[in-house]
Amino acid sequence: MFLFESITVAQGLMWFVVLAALIGLNELSRRGPWAGLFFFVAVPVVLTIFAWPHSAGAGSSTGTWFHWVKVYSALTGCLGFLAIRYIPRLAKNRWALIFPPAILALNILEACIRDFQVGGMRADGMVDGVYMVSGPWNYMNGVAGLINLLAITGWMGIYIAKDRIADMIWPDMIWPWIIAYDLWNFAYVYNCVGDHSFYAGAALLISCTIPAFFLRKGAWLQHRAHTLAFWMMFTMAVPSFVTDSAFSVASSHDPAALYTVSGLALASNLALAALQLTMMAKRRRNPLKVEIYDDTDAYRQVVERIPGARPEQLAAAGVARETVAV
């Protein structure tokens, strides 16, 4: 196959099991503060003490600095979002709302640094327990990630849904940014942890994109943080699942495939940048001060369907307050 070595029926079925498990765990973990504290405090404490020091140590495919930073940064994001969702004064504090874009930008930057690092290794073999092939694709994708980071907009429009679940809603984070992120992040995983990318790339990314498109629009970042934290906790505890189990699927390590996924990531993020610059110029919008996409259908669908949007957001989207879902 082009991207991966041959995929068996069992491996294909396991991909859907992983996808369903991540979506299901995300749905459970967002149901309230106690669910969040259990999954993102109690479980990680137990794993930190009893599992990860043994399973993610030196020589393990998850024993690198990146994996340790990634698991704790993902958990930090989950807990920060939990605080914003359930501590009213934080949800109303514009300075507190800097946290979601900051933790997102940090996670993107971490991956960009790793892509550039791998590109400079001149590797073609096992490095830190993972098979890596260095090349121009690493730099292409690193640039794509930096563009994606700079294209983060509308954090000042984040609000908490006024319903039983109280999701953190970011209406300006519409589908062009999400798709560009997905293509970039898949390319990152494929470039730097290729033999993990069947699950950690494809299944993991789709597990937060499906809820963002079909289950709870506007909450992509919350979905992403939760599913990423679950995946990192699992793979840190059971790294053999993606390396040498009956369900592991190896990357093809084909330079043509590496060029292709990084090329798509770079092209999609350049298109995103062009869209954003056009919107900014056309509407004379400063992305550091105001939302960029508040006149789009994607934005309108979020603020119209999920109660809690501010009056100015409803007005900008052309939504009458009496039509908002309750």
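Residue Gly12 comes nearest to Ile7 through the heavy atom pair N-CG2, 3.9 Å, listed as atom of the first residue, atom of the second, then distance. Contact detail for Met232 and His67: the closest heavy-atom pair is CE-O, 3.6 Å. Counting all heavy atoms, side chain and backbone alike, Met140 lies closest to Leu266 at O-CD1, 3.9 Å. Considering all non-hydrogen atoms of both residues, Pro287 and Met156 come closest at O-CE, 3.6 Å. Here the shortest heavy-atom pairing between Tyr86 and Ala166 reads CE2-CB, 4.0 Å. Summarising the geometry of Leu97 relative to Pro101, their closest heavy-atom pair is O-CD, 3.2 Å, with the distance given to 0.1 Å.
The line from CD1 of Ile103 to CZ of Arg224 is 12.5 Å long, rounded to the nearest 0.5 Å. Arg216 contributes atom CZ, which lies 11.5 Å from atom CZ of Arg305 (distance to the nearest 0.5 angstrom). Between Ile174 atom CD1 and Gln301 atom CD the span is 10.5 Å, to the nearest 0.5 Å. The CH2 atom of Trp68 lies 7.0 Å from the CH2 atom of Trp52; values are rounded to the nearest 0.5 Å. We find the OG1-NE2 distance between Thr235 and His196 to be 5.5 Å, quoted to the nearest 0.5 Å. Taking CG of Asn269 as the start and CG of Leu150 as the end, the distance is 10.0 Å to the nearest 0.5 Å.
The hydrophobic clustering, which links ILVMFWY residues whose side-chain heavy atoms are closer than 4.5 Å, places Leu82 and Leu90 apart. Leu13 is not connected to Phe234 by any chain of hydrophobic side-chain contacts under 4.5 Å among Ile, Leu, Val, Met, Phe, Trp and Tyr, and they are in different clusters. Two different hydrophobic clusters hold Ile165 and Ile169 under the rule that ILVMFWY side chains link at heavy-atom gaps under 4.5 Å. Grouping the Ile, Leu, Val, Met, Phe, Trp and Tyr side chains by contacts below 4.5 angstrom, directly or via other members, places Leu288 apart from Ile292. Linking ILVMFWY residues whenever their side-chain heavy atoms come closer than 4.5 Å, directly or via other members, places Leu19 and Phe214 in the same cluster.
Between Trp34 and Phe38, the distance from one ring center to the other does not fall under 6.0 angstrom. If you look at Phe230 and Phe39, their ring centroids are closer than 6.0 Å. For Phe4 and Phe198, the ring centers sit closer than 6.0 Å to each other. Two rings, from Trp170 and Tyr159, have their centers 6.0 Å or more apart.
In this structure, Gln222 contributes its side chain and Phe81 its backbone to no donor-acceptor pair below 3.5 Å. Put simply, the side chain of Trp175 never gets that close to the backbone of Ala298: no donor and acceptor are under 3.5 Å apart. Checked by atom type and distance alone, the side chain of Thr8 pairs as donor or acceptor with a backbone atom of Gln11 at under 3.5 Å. Side-chain atoms of Lys70 come within 3.5 Å of backbone atoms of Asn107 as a donor-acceptor pair (strictly under, hydrogens ignored). A donor-acceptor pair is defined here as one N or O able to donate and one able to accept, closer than 3.5 Å; no such pair exists between the side chain of Asn26 and the backbone of Thr227. With Ser134 contributing its side chain and Ala123 its backbone, the two residues share a donor-acceptor pair below 3.5 Å.
Between Ser251 and Leu3, every side-chain heavy-atom pair lies at or beyond the 4.5 Å cut-off. Contact of the Ser29 side chain with the Phe40 side chain is registered, since non-hydrogen atoms from C-beta on lie closer than 4.5 Å. Within the 4.5 Å cutoff, side-chain heavy atoms of Phe116 are placed close to those of Leu146. In this structure the side chain of Val130 never reaches within 4.5 angstrom of the side chain of Asp195, judged on heavy atoms. Side-chain atoms of His223 and Arg30, non-hydrogen and from C-beta on, do get closer than 4.5 Å to each other. For the pair Ser55 and Val238, the minimum side-chain heavy-atom distance is 4.5 Å or more. Residues Ile147 and Leu272 fail the side-chain proximity criterion, which asks for heavy atoms closer than 4.5 Å.
Of the N and O atoms on the side chains of Asp172 and Thr153, at least one donor lies less than 3.5 Å from an acceptor on the other residue. Of the N and O atoms on the side chains of Asp182 and Thr209, at least one donor lies less than 3.5 Å from an acceptor on the other residue. For the residue pair Thr48 and Tyr72, a side-chain donor N or O sits within less than 3.5 Å of a side-chain acceptor on the partner. In summary, the side chains of Asn191 and Ser262 do present a donor paired with an acceptor at a separation below 3.5 Å, with no hydrogens or angles considered. For Ser252 and Tyr190, the side-chain atoms include at least one donor-acceptor pair closer than 3.5 Å. Between Asp124 and Tyr131, the side chains place a donor N or O and an acceptor N or O closer than 3.5 Å (distance only, hydrogens not considered).
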| So Met173 and Leu104, side-chain contact (heavy atoms from CB on, under 4.5 Å) or not? Walk me through it. | CA-CA 12 Å; Met173 185 171 277; Leu104 173 61; 3.6 Å; yes
| Going through the distances and angles, do Leu47 and Met236 end up as a side-chain contact (heavy atoms from CB on, under 4.5 Å)? | CA-CA 9 Å; Leu47 292 172; Met236 290 271 287; over 6 Å; no
| field | Full working for ring-ring contact (aromatic ring centres under 6.0 Å, His included) between Phe247 and Tyr199 | value | CA-CA 10 Å; Phe247 303 110; Tyr199 298 104; 8.1 Å; no
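A salt bridge links Glu27 with Arg31; the closest basic N to acidic carboxylate O contact falls under 4.0 Å. Ionic pairing of Arg283 and Asp294 is present here: one or more N-O contacts between side-chain nitrogen and carboxylate oxygen are shorter than 4.0 angstrom.
Exactly one residue among Asp115, Val127, Asn141 makes a side-chain contact (heavy atoms from CB on, under 4.5 Å) with Cys192. That residue is Asp115.
Shown here is Trp15, whose CH2 atom has more than 12 heavy atoms of other residues, nucleotides or ligands within 6.0 Å.
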